[in-house]
Structure formats: structure tokens, C-alpha cells
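Data first, discussion second: the structure below is written as C-alpha cells.
Below, read A as the first sequence line, B as the second, and so on, with proteins coming before strands; counting in each chain starts at 1.
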Protein chains: 2
Amino acid sequence: MKDDTISGEQLLSMLAALANPHRLRIIAALQSQGRNYVSQLAREIGISRPLLHLHLQKLEDAGLVTSQLELSSDGKALNYFEVSRFALEITPVAIAEAAKSLSTHLDP
Amino acid sequence: MKDDTISGEQLLSMLAALANPHRLRIIAALQSQGRNYVSQLAREIGISRPLLHLHLQKLEDAGLVTSQLELSSDGKALNYFEVSRFALEITPVAIAEAAKSLSTHLDP
DNA sequence: TTCATGTGTAAGAAAATTATTACACGTGTA
DNA sequence: TACACGTGTAATAATTTTCTTACACATGAA
């Protein structure tokens, strides 16, 4: 028996995190070139560091990337990000299943 | 040889269309209860008809649902919607592949 | 000390999305 | 004719998301 179940809220947060061109590129970059720290990634992608910070936050909140603070040899604190391993199966059936656990505006 | 390739824009529009609780419920309803027309669906989901209309439009633009105007026996024009058959594989690798064809702000 | 590098975040502007309200139009029936 | 039901859409408001700018703080090297 397989359990591909995911909560509606969880699914929604991942979809929302992915529904942005910058964030798709961020994941693509981390997937293709491997882990990277914020400032360097901002330069490679071509967006400002505060903006990248915001997008990384959303991705991390959704569990799509993880971060690890490290000290470089020259003493700087670098925050390295890498993509999580995830696999979402998006089909009408999977959505119907997940939607069962979606809270409504007029809940209990 | 399999070709799961999807354009970045296409992927993005589907993700954006899915990243909303109402729209997940719409797909879930159409999947579980089958095709339905706008007014009836609005009543079942519990949102206004104009609002549902807006959400259905986004889903249809993304190709996730289709519509067909039909005449009921008592002469009314009913617009029936149903879910398309789709299956998205969302993984870091798939995203990296799709992101190759994502236009940038500073394109050609 | 000053500069270059890294980190984070707060405040406000700009843009996009979501939601409501009010119209307009059509058909069958009382 | 008036009502009930269906359709769509335009205009506005409300909310959320995105983006920029400016700050604050830390370390090593010149």
C-alpha cells in the first residue's frame, strides 16, 4: 500500500512557492550547479540580494530548500542553500484527495 | 524515449493556476462529482458566481479545465466545465529542465 | 581606520491577485 | 408583464505579493 497523501495546506504552500519565475530559476540553479550561498546566487541569477532573500524564505518555508550557515576559511559567515529532494504528483485525483483536508472560511 | 518536456511558461501558468485554495476545490469538485455548470458549481462550493467565473477562467487559460456550452431541455444555456486529464511531475530535475525555457527580463 | 565582503531585516512603493457589486442580456413559465 | 433561472463582464475595493531602498552588524585585509 502506498501513501502519497499530502495535506491540502501543504500542497498549497508548495504550489504557491513554486508559482513564480524567480523561484523556479532559483531551484533550477541550485539543482544544476549545486549548493550556493546567498550573495553569490543573487549575482548569478541577476537579482538583488534582499529580493533573493525573500524568495529563498518562501521556498524554505515550503520545505523546498534548506539552508546551513557555515564559516568560510576567511572568517565570513556564508548561508548555503540547497534544494530538498521532493517529488509532487499533480493530477486531478491527487488534488481531489488533498483538497479533502483544506480548511474553509466557515469551518468548525 | 520519453518526452516529459514542458515549457517554463507552461509549467508556470499551471502552477500559478493551481496555487489557490478555491481553485484546488474547484478541481476537486469537478473530479469527484463530474462535470458541472457554473451556477450550480458556485452553489456547491459556496462562492459567488462572478468569483467562480474568474477562477474558472484562470484554470481554463492554463488548460486544466475545459468548458462546453449546452442547451438544457428547458432552453437555458448552461456552460459545463470538466477537468482536463493532466499529470505534472514536479521535481527539482523537472524544474531545472523547464526553467531553461524561461524568458528573462533581459532577453534578446 | 577604511574598504570589501558576507549576513539579516524593516519600511514603503509598486504591481498583481482576489473579491464584491452592479449591470446587461436571454429563455421559459406563472 | 413579471419572475426565476441561466449566461457574461465592467468597475471598484480589498488584499497579497513583489520589489526597492536603506539600515545595521560582523570579519579579514589594505
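Mapping heavy-atom proximity under 4.0 Å, the span of DNA chain D touched by chain A runs 5' to 3' from D/dT17 to D/dG28.
Within residues 65-80 of chain B, the residues approached by DNA chain D to less than 4.0 Å at the level of any non-hydrogen atom are B/Lys76, B/Ala77, B/Leu78, B/Asn79, in residue-number order. Non-hydrogen atoms lying under 4.0 Å from DNA chain D are contributed by B/Tyr37, B/Val38, B/Ser39, all within residues 31-40 of chain B.
Screening residues 33-44 of chain A for salt bridge (charged side-chain N to carboxylate O under 4.0 Å, His left out) gives A/Arg35-A/Glu70 as the qualifying pairs, with residues at least two apart or on separate chains. Sorted by first and then second residue, the salt bridge (charged side-chain N to carboxylate O under 4.0 Å, His left out) pairs with a member in residues 48-57 of chain B form an empty list; sequence neighbours excluded.
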Checklist entry - Reading nucleotides 12-19 of chain C 5' to 3', which nucleotides get B (base under 4.0 Å from a protein heavy atom), which S (sugar-phosphate only), which -? => result -----SSB
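A/Leu54 pairs by the side chain to side chain contact (heavy atoms under 4.5 Å, CB included) definition with A/Lys58, not counting sequence neighbours. Taking the side chain to side chain donor-acceptor pair (under 3.5 Å) definition, one finds that A/Gln31 meets it with nothing, sequence neighbours left out. For B/Glu60, the side chain to side chain contact (heavy atoms under 4.5 Å, CB included) test picks out B/Val65, B/Ser67, B/Phe81, with sequence neighbours left out. Residues satisfying the ring pair (Phe, Tyr, Trp, His ring centres under 6.0 Å) criterion with A/His53, sequence neighbours excluded, are absent altogether.
The minimum heavy-atom distance between A/Ser101 and A/Gly8, with the atom names listed, is OG-N, 2.9 Å. Minimum interatomic distance between A/Ile26 and A/Ile45 (heavy atoms only, all atoms of both residues): CG1-CD1, 3.5 Å. Between A/Ala77 and A/Leu71 the shortest heavy-atom distance is CA-CD2, 4.0 Å.
Applying the 4.5 Å side-chain rule to ILVMFWY residues, one finds A/Tyr37, A/Tyr80 in the same cluster as A/Leu78. Under a 4.5 Å side-chain heavy-atom cut-off, the cluster of Ile, Leu, Val, Met, Phe, Trp and Tyr residues that includes A/Leu69 has no other member.
In the interface, the side chain of A/Arg49 is not paired with the base of C/dG6 through any donor and acceptor atom under 3.5 Å apart.
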Next on the checklist: Apply side-chain contact (heavy atoms from CB on, under 4.5 Å) to residues B/Val83 and B/Leu64 and explain how you reach the verdict.
Outcome noted: CA-CA 6 Å; B/Val83 290; B/Leu64 300 175; over 6 Å; no
